[in-house]
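Below is one structure, written out as structure tokens, with a few remarks after it.
What you see is a predicted model; the values in this text were computed from it and never measured. In listed order, ligands and their atoms are each counted from 1. Values reported hereafter were calculated over all heavy atoms of this structure, with side chains retained and with hydrogens, waters and symmetry mates removed.
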Amino acid sequence: MFPTHRPRRLRRNPAIRRLVAETTVEPRQLVLPMFVKEGAREPVAIRSMPGVFQHTRDSLRKAAAEAVEAGVGGLMLFGVPEKRDATGSGGIDPDGILNVALRDVRAEVGDATVLMSDCCLDEFTDHGHCGVLAPDGSVDNDATLSIYGEMAVAQAESGAHLIGPSGMMDGQVGIIREALDRAGLLDTGILAYSAKYSSAFYGPFREAVESQLKGDRKTYQQDGANVREALREVQLDLAEGADLVMVKPALAYLDVIRAIAEVSDVPVAAYQISGEYAMVEAAAANGWIDRKPAVLETLTSIRRAGADVILTYWAAEAAQWLNQG
Ligand code: PBG
């Protein structure tokens with residue numbers, strides 16, 4: 001008891017705080033999501049995500065090289081196509097913007113970082129859903145799966161090291177594993193968006209990819225009320241061959257990250273999404289919070305919850321801060 005015990009002794013200066021810090025954030029644990037826009041001549045600023053751009057093919061290569069220079073662990077690419085259709089055919093076309101960009105970035109950075117691709121139809125469909133629609137307008141799970149398989153193969157052949165299925169269709173990991181193996185792409189891994197919740201915090205992303213969605217994704221993305229369901233999704237994805245599992249969003253789901261980290265026998269990732277980024281940026285722009293420590297505090301909290309890897313729009317900048325010590 002006090003006065004023998006004084007926990008403040010371990011907080012008295014930066015050196016002792018550094019010595020006893022339980023949680024670290026390192027550049028190699030951060031993955032930068034990036035957007036590339038077909039036909040763009042100039043990078044286009046995303047209004048709701050200050051500092052984030054829809055890249056041209058050229059500016060994407062440059063920004064990728066800079067992020068790698070800063071030491072990020074990976075890059076996650078999203079494509080913004082010029083044309084969309086009912087089945088999202090731009091996603092499986094080897095000349096579709098995402099596949100072209102994967103080849104560009106892989107040529108630029110080689111194996112210096114882990115290149116990842118979003119394997120989902122929503123950026124490529126004219127209705128904005130993550131899968132194809134049945135005649136009654138519902139999202140057709142099984143008809144979507146074979147398209148995901150083809151899309152994954154196209155992305156792997158374009159240079160992705162890890163495929164990121166984010167559509168929350170049942171069986172997506174197994175179908176993609178089977179398609180990759182059939183194509184001889186045995187070393188291409190799967191970063192499974194296992195516990196992806198239907199979230200209001202995806203708002204700014206919808207601007208970033210010019211989403212055509214009306215309505216919501218509640219018939220396939222998870223209900224924020226549930227954690228048991230997330231554990232079930234993880235078990236299924238592990239059984240289907242996931243190499244990493246992911247929780248998304250991050251900040252509003254730290255308990256889910258913790259629960260999954262306790263049972264997963266593969267690395268756990270968390271996606272700090274667009275709305276999480278926008279909230280901090282907006283408050284900082286108003287002078288209401290101090291930007292850098294606020295960003296680092298969120299990243300630390302996600303690591304402390306149990307995430308090995310964090311996808312964050314601050315990845316490159318945070319990596320630079322961390323390198324400076
Ligand atoms: C689906 C996808 C989404 C995000 C990543 N992949 C959007 C959604 O599910 O509506 C959101 C990422 C973010 O908000 O930063 N392809």
- Item | salt bridge (Lys or Arg N to Asp or Glu O under 4.0 Å) between Lys62 and Glu66, worked out | CA-CA 6 Å; Lys62 277 200 207 90; Glu66 280 169 26; over 6 Å; no
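For Lys196 and Tyr202, the positive end sits near the middle of the six-membered ring, less than 6.0 Å away and at most 45° from its axis.
For a heavy-atom separation below 4.0 Å, the residues in contact with ligand 1 are Phe78, Asp118, Cys120, Asp122, Glu123, Ser166, Lys196, Tyr202, Phe205, Arg206, Arg217, Gln221, Lys248, Tyr271, Ile273, Ser274, Tyr313.
A heavy-atom distance below 4.5 Å is found between the side chains of Gln172 and Leu145.
For the pair Thr144 (side chain) and Asp140 (backbone), a donor-acceptor distance under 3.5 Å is present.
With sequence neighbours left out, Val100 forms a side chain to side chain contact (heavy atoms under 4.5 Å, CB included) with Arg57, Arg103, Asp104.
Taking the six-membered ring wherever Trp is involved, the centroid distance between the rings of Phe53 and Phe35 does not fall below 6.0 Å.
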